Chemist: 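Got a structure for you, written out below as structure tokens; questions coming shortly.
When reading the values below, keep in mind they use all heavy atoms of this one structure, side chains included, and skip hydrogens, waters and symmetry mates. Just so we're clear, the structure is a prediction, and the values are computed from it rather than from any experiment.
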Amino acid sequence: MGELTWSRAADDTVVADGLLAAFGESFGGEPDGVWAAPGRVNLIGEHTDYNQGFCLPLALAHRTYVAVRSRDDGGLRIGSRQAPDRTWEGTVTEVSQDSPGGWASYVAGVAAVLAEQVDPAGLGADVLVDGYVPLGAGLSSSAALSCSAALAWAELVPGLAGVDRAELAAACVRAENEYAGAATGGMDQSVSLRAVDEHALLIDCRDFSLTPVAWTLPGHQVLVIDTRAHHSLADGQYGKRRATCERAAATLGVGSLRDVGVDDLEVALATLGEGHGERSDEGSGASGERRVSGEPEEVRRVRHVVTENARVLDLVAALRERDADRVGELMLASHASLRDDYEVSCRELDLAVAAAVGAGALGARMTGGGFGGSAIALVEEAAVEEVARAVAAAFDDAGLERPHFLTAVPSAPAYRVR
Ligand code: ADP
Ligand code: MG
């Protein structure tokens, strides 16, 4: 078997030096500073954020860096070392749903949202990006990008001095929703800006209150398997799942599915099941072999959300008890629920999970929205390489492109590098 591909976190000094040189070449002169914001991986609590539920992400050591020079003329120049031919030039006031479009809207959108609070002229900036969060892998390179830029503006623009990180995170959510056209529920931005080093972050998505949870499984690592699969149904299916949850909440007479506890589940599912003899009309997604019963779609979707919220809290308890086996079990239960009830997994994610567990992982699950992206596995430190090799071999045998790998080390939230 050939070499495995590992996506490594970058060294701040090396990246900042590189950005400084590249900034001079692109824009001339020097930036006012360099800021960084992390990507994230979600340990558990998937498709719960838009249901005002719980999730438990951790900030990665893999970060996106921005070199920023502030301007007072409202002009914007936004470039990325990952998109060398797609630098955008414009102004803060012309940023809209359609402009700039593409990757630069994750940065420009932040300026547009912040411009509701301060004079747009003062938000002018030259911005150069360098990212070390794999793009589109479900590890939230998008929030790492918008959050690094948001922190730079918050620290550079005097009128934004009073804006706290919760408000910045909310601004980044709006930038993604309204300007980049990406549906995102708020987990990614909260963890990128508000994580605590060496901790996972329990997020209550009802009010975005946060509880840091110490990462207490010494001798274990979270192996991230970036399957590099991207099934194009992701966007439409996300919207459908969201709409189904809202419809079910309305039927049940609750504000959101968060208000349904595990103890209420049986009654709630019976209510949703009344008058439905039909199977899902949503299609089976990309999850391959269908394992679902003939239950109505709303029943299965709601069961996932309600049980997933409970699993998040159970996993927090297991971490506090340092019970790695229990953490692994909960990850597997989460995966089965996402695969069978929520139907957002796919062949590659199922294969990654099965192969990791087959090679000795204590548990594994898809992470992120699904239909591709990444899976995570809880693995004893000494076995990380072996599990990664087994996963790569399983992909080889299935004739699939090999995943990339990284390890998730709970790391710091966004900060100024220099
Ligand atoms: P994820 O957030 O899981 O990585 P998304 O599809 O939400 O996946 O976001 C990926 C998009 O974010 C990219 O397609 C690109 O538009 C933008 N992006 C993220 N990081 C960078 C970067 N370093 N340079 C340019 N664009 C980036
Ligand atoms: Mg994203």
Side-chain angles (χ1 to χ4, degrees), residues 35-64 110 113 133 138-151 154-155 160 162-177 184-217 222 255-259 261 305 308-322 327 330-331 334 367-369 376 408-416:
W35 286 261
R40 61 98 187 96
V41 71
N42 191 22
L43 288 173
I44 198 159
E46 218 64 76
H47 287 278
T48 48
D49 60 351
Y50 54 81
N51 289 300
Q52 299 191 15
F54 299 107
C55 54
L56 188 69
L58 51 84
L60 296 170
H62 299 66
R63 291 180 270 269
T64 297
V110 174
V113 173
V133 183
L139 303 175
S140 206
S141 69
S142 59
L145 176 57
S146 59
C147 293
S148 57
L151 188 64
E155 294 192 7
L160 296 173
V163 175
D164 68 22
R165 285 186 177 224
E167 292 167 318
L168 276 187
C172 291
V173 173
R174 285 191 51 207
E176 282 208 39
N177 287 168
T184 170
M187 159 174 51
D188 307 350
Q189 298 76 9
S190 289
V191 64
S192 188
L193 282 162
R194 303 174 71 199
V196 174
D197 199 3
E198 296 181 7
H199 289 67
L201 195 66
L202 173 62
I203 305 180
D204 181 341
C205 297
R206 176 129 72 189
D207 56 7
F208 288 96
S209 57
L210 309 178
T211 310
V213 181
W215 179 247
T216 50
L217 298 176
V222 176
S256 75
L257 293 181
R258 162 62 178 282
D259 297 321
V305 173
E308 184 79 352
N309 277 331
R311 279 187 291 271
V312 175
L313 301 180
D314 287 351
L315 197 143
V316 168
L319 275 178
R320 289 185 174 139
E321 288 159 18
R322 300 178 179 241
V327 171
L330 288 161
M331 288 167 69
S334 171
T367 183
I376 54 172
V409 180
S411 297
Y415 58 94
R416 184 172 189 155

Chemist: Can you find a side-chain donor-acceptor pair between Ser142 and Glu176 that sits under 3.5 Å?
Modeler: yes
Chemist: How far apart are the C-alpha atoms of Thr367 and Glu46, what are their side-chain angles, what is the distance that settles it, and do they pass the side chain to side chain contact (heavy atoms under 4.5 Å, CB included) test?
Modeler: CA-CA 7 Å; Thr367 183; Glu46 218 64 76; 3.5 Å; yes
Chemist: Given the ring of Tyr415, does Arg63 sit roughly above its face, with NZ or CZ under 6.0 Å from the centre of the six-membered ring and within 45° of the axis?
Modeler: no
Chemist: Counting only N and O atoms by type, is there a donor-acceptor contact under 3.5 Å from the side chain of His62 to the main-chain atoms of Pro38?
Modeler: no
Chemist: Does Ser334 reach the main-chain N or O of Ile44 with its side chain, forming a donor-acceptor pair under 3.5 Å?
Modeler: no
Chemist: Considering non-hydrogen atoms only, spot the tightest contact between Val133 and Gly39 and give its length.
Modeler: CG2-N, 3.6 Å
Chemist: Provide the closest heavy-atom pair for Phe208 versus Gly185 in the form atom of the first, atom of the second, distance.
Modeler: CZ-O, 3.4 Å
Chemist: I'd like to know if the side chain of Asp204 and the backbone of Phe54 have a donor-acceptor N/O pair within less than 3.5 Å.
Modeler: no
Chemist: Compare every heavy atom of Ala175 with every heavy atom of Val113, then report the nearest pair and how far apart it is.
Modeler: CG2-N, 3.9 Å
Chemist: Are Pro413 and Leu193 side-chain neighbours, meaning at least one heavy-atom pair lies under 4.5 Å?
Modeler: no
Chemist: With distance as the sole test, does Ser148 use its side chain to make a donor-acceptor pair with the main-chain N or O of Ala37 at under 3.5 Å?
Modeler: no
Chemist: Can you tell whether the side chains of Arg206 and Asp259 come within less than 4.0 Å, N to carboxylate O?
Modeler: yes
Chemist: How many angstroms lie between CG in Leu202 and OG in Ser209, if you round to the nearest 0.5 Å?
Modeler: 8.0 Å
Chemist: Could you tell me whether the side chain of Arg165 reaches within less than 4.5 Å of the side chain of Gln189, counting heavy atoms only?
Modeler: no
Chemist: Minimum heavy-atom separation for Ala412 to Asp197, with atom names?
Modeler: N-OD1, 3.5 Å
Chemist: Which heavy atom of Ala200 sits nearest to which heavy atom of Leu58, and what is that distance?
Modeler: CA-CB, 4.1 Å
Chemist: Are side-chain heavy atoms of Ile376 and Met331 found at a separation under 4.5 Å?
Modeler: yes
Chemist: Quick one: does Ser411's side chain get under 4.5 Å of Leu60's, heavy atoms only?
Modeler: no
Chemist: Rounded to the nearest 0.5 Å, what separates atom CD in Glu198 from atom OG1 in Thr216?
Modeler: 12.0 Å
Chemist: Measure from the side-chain N and O atoms of Arg258 to the backbone N and O of Cys205, and report whether any donor-acceptor pair falls under 3.5 Å.
Modeler: no
Chemist: Working note: Trp215 + Val222, criterion side chain to side chain contact (heavy atoms under 4.5 Å, CB included); need CA distance, chi angles, decisive distance, verdict.
Modeler: CA-CA 11 Å; Trp215 179 247; Val222 176; 3.6 Å; yes
Chemist: Tell me if the CD atom of Glu167 is crowded by more than 12 foreign heavy atoms within 6.0 Å.
Modeler: yes
Chemist: Which pair of heavy atoms, one from Ala144 and one from Ser192, lies closest together, and at what distance?
Modeler: CA-OG, 4.1 Å
Chemist: Do Arg40 and Asp188 have side chains that get closer than 4.5 Å, going by heavy atoms?
Modeler: yes
Chemist: Are the side chains of Leu56 and Leu201 in contact, using a 4.5 Å heavy-atom criterion?
Modeler: no
Chemist: How long is the gap from CG on Leu168 to SG on Cys147, to the nearest 0.5 Å?
Modeler: 8.0 Å
Chemist: Output the distance between atom OG1 (Thr48) and atom CG (Leu257), rounded to the nearest 0.5 Å.
Modeler: 11.0 Å
Chemist: Rounded to the nearest 0.5 Å, how far apart are CE of Met187 and CD1 of Ile203?
Modeler: 7.0 Å
Chemist: Taking side chain as C-beta onward, heavy atoms only, is Leu151 less than 4.5 Å from Arg416?
Modeler: no
Chemist: Any side-chain heavy-atom pair from Glu155 and Trp35 closer than 4.5 angstrom?
Modeler: yes
Chemist: Extract all donor-acceptor atom pairs below 3.5 Å that involve side chains of residues 310-321 and protein atoms in other chains or at least two apart in sequence.
Modeler:
from   : atom 1 : to     : atom 2 : distance (Å)
Arg311 : NE     : Glu308 : OE1    : 3.0
Arg311 : NH1    : Thr307 : OG1    : 3.3
Arg311 : NH2    : Thr307 : OG1    : 3.1
Arg311 : NH2    : Glu308 : OE1    : 2.8
Arg311 : NH2    : Ser337 : OG     : 3.2

